[in-house]
Visitor: 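I have a structure here, written as structure tokens, and I will follow up with some questions on it.
Position 1 is the first residue of the sequence, and the numbers go up from there. On a predicted model such as this, the values are computed, not experimentally measured, just so you know. Side-chain atoms are counted along with the backbone in the values below, which use heavy atoms only and exclude waters and symmetry mates.
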Amino acid sequence: MATTAIGFLMLLSYFLSLSHGLVQPRRISHGLSESGKYLTRDELWFNQTLDHFSPYDHRRFRQRYYEYLDHLRVPDGPIFLMICGEGPCYGIPNDYISVLAKKFDAGVVSLEHRYYGKSSPFNSLATENLKYLSSKQALSDLAAFRGYYQEYLNVKLNRTGKVDNPWFFFGASYSGALSAWFRLKFPHLTCGSLASSAVVRAVYEFPEFDKQIGESAGPECKAALQETNKLVELALKVNNKALKALFNSTELDVDGDFLYFVADAQVMAFQYGNPDKLCVPMVDAKKSGGDLVEAYAKYVREYCFGVFGLSAKTYSRKHLLDTAITPESADRLWWFQVCTEVAYFQVAPANDSIRSHQVNTEYHLDLCKTLFGKGVYPEVDATNLYYGGDRIAATKIVFTNGSQDPWRHASKQTSSPDLPSYIITCHNCGHGSDLRGCPQSPLIIEGDSKNCSSPDAVNKVRQHIIEHMDLWLSECRGVLRSSI
């Protein structure tokens, strides 16, 4: 789950020559950046309210955002807001949203999540300073930013009165949940939302996560992974230091943290659409009588570390206790949200598990206590009561999930009135396949689906998304026209 930042100030020069009487579409161009991986990386800044729920606290902080207006039909084209999630936001990625922006003549803006990246309200991430880090505050951030940006557009377009462009919200993973929750809580501020792999259901104990890994792996790979886990647990007792050295993870002095890291490494293959990177060598090693632990460690070193950029440091308590603000602070920040709001404790199932049974509820609660203090506990029931979980009572949200993604069990997987839900079924369809294509990481330009084992499955769901967006945006324009 991942991405975030902070921003404001750049439309000025683009709109100086525009007038209220423009009738011809006009587009503003400043080109792609970094070999087309980002639509833009130009930082802008917005002064955000620290506490939206206090009438007495008027403190503000700088929040980073980005804009890309090359495809915007001036003055009345839609604005797509891509929500950044639980990490630094380095720009607007050139994924499938850029295709949708071209199709709908839309501008794209993206707001970094509070506390992440460069959008930190404080100079320290001590627990007492994290009290304003919550999904509720983040949703109000989005509402405040949406109001600011619309007003800013109106000024630059020389429009008088309260004129709105049609807005549509997007997010994937945690930001997918924010996209759905925004439509739930602020339905008057967006024409609709795309909630890709949206984890809208907070889950205290989440054994379904591990079960899905087994299903996605298939019988042969699952058996190899289960045997590997047993061998790893044994090796921890016999030669602890040598085993951790094999995985380049000697800094993980708590065995539970090491076992969590070992479990998480296999998740990456299925979550991000690269199952063969893991299963082919593991099945080959099992069939040939090879060293399963060495085969798995090689996968971790070459793929997880070498390609994906994972670091064992992410799982180190020393690192997670660090309250200094660094590019890696997202690890501590996301654990705070996990430990206070959503949990998603990825525990081993009682039977037939792949991960170690030492990765249990007690392990997670101990980690939360170690990192943030005795009183910190995930209020899962309160979160689901507030948002509705997977029974969310909203309208005009498209939910999408990849068939191989273990996170889909925290999403809304069945359709209900005005809340269509689609499962994209293919061998390498994981987290955010509709926006990212296959594999889901590293980035595929414009989310190209050609490398998905079933491009038709991805494209069919994308066509459904377009149809819903077309309908909801047209309905929105009708309401906007009637209110002018």
Visitor: I need the single residue from V461, T414, N401, D405 that forms a side chain to side chain contact (heavy atoms under 4.5 Å, CB included) with I423. Which is it?
Guide: N401
Visitor: Could you tell me whether the side chain of R114 and the main chain of Y132 form a donor-acceptor pair under 3.5 Å?
Guide: yes
Visitor: Answer yes or no for C452 and C438: SG-SG distance under 2.5 Å.
Guide: yes
Visitor: Is K185 positioned over the aromatic face of Y386, cation under 6.0 angstrom from the ring centre and no more than 45 degrees off axis?
Guide: yes
Visitor: Backbone N or O of H409 within a donor-acceptor pair of the R201 side chain at under 3.5 Å?
Guide: yes
Visitor: Walk me through it: do T383 and E341 pass the test side chain to side chain donor-acceptor pair (under 3.5 Å)?
Guide: CA-CA 6 Å; T383 301; E341 283 193 281; 4.7 Å; no
Visitor: Per the side chain to side chain contact (heavy atoms under 4.5 Å, CB included) rule, which among L39, L194, I92, L435 passes with I97?
Guide: L435
Visitor: With side chains defined as the heavy atoms from C-beta onward, is the minimum distance between M469 and C191 less than 4.5 Å?
Guide: no
Visitor: Just checking, is any N or O donor in the side chain of D210 or S353 under 3.5 Å from an acceptor N or O on the other one?
Guide: no
Visitor: Can a donor-acceptor pair be found, under 3.5 Å and without considering hydrogens, that links the side chain of N154 to the backbone of V163?
Guide: yes
Visitor: Got a salt bridge between K103 and D470, using NZ or NE/NH1/NH2 to carboxylate O under 4.0 Å?
Guide: no
Visitor: Using only heavy-atom distances, determine whether the side chains of Y68 and S98 contain a donor-acceptor pair under 3.5 Å.
Guide: no
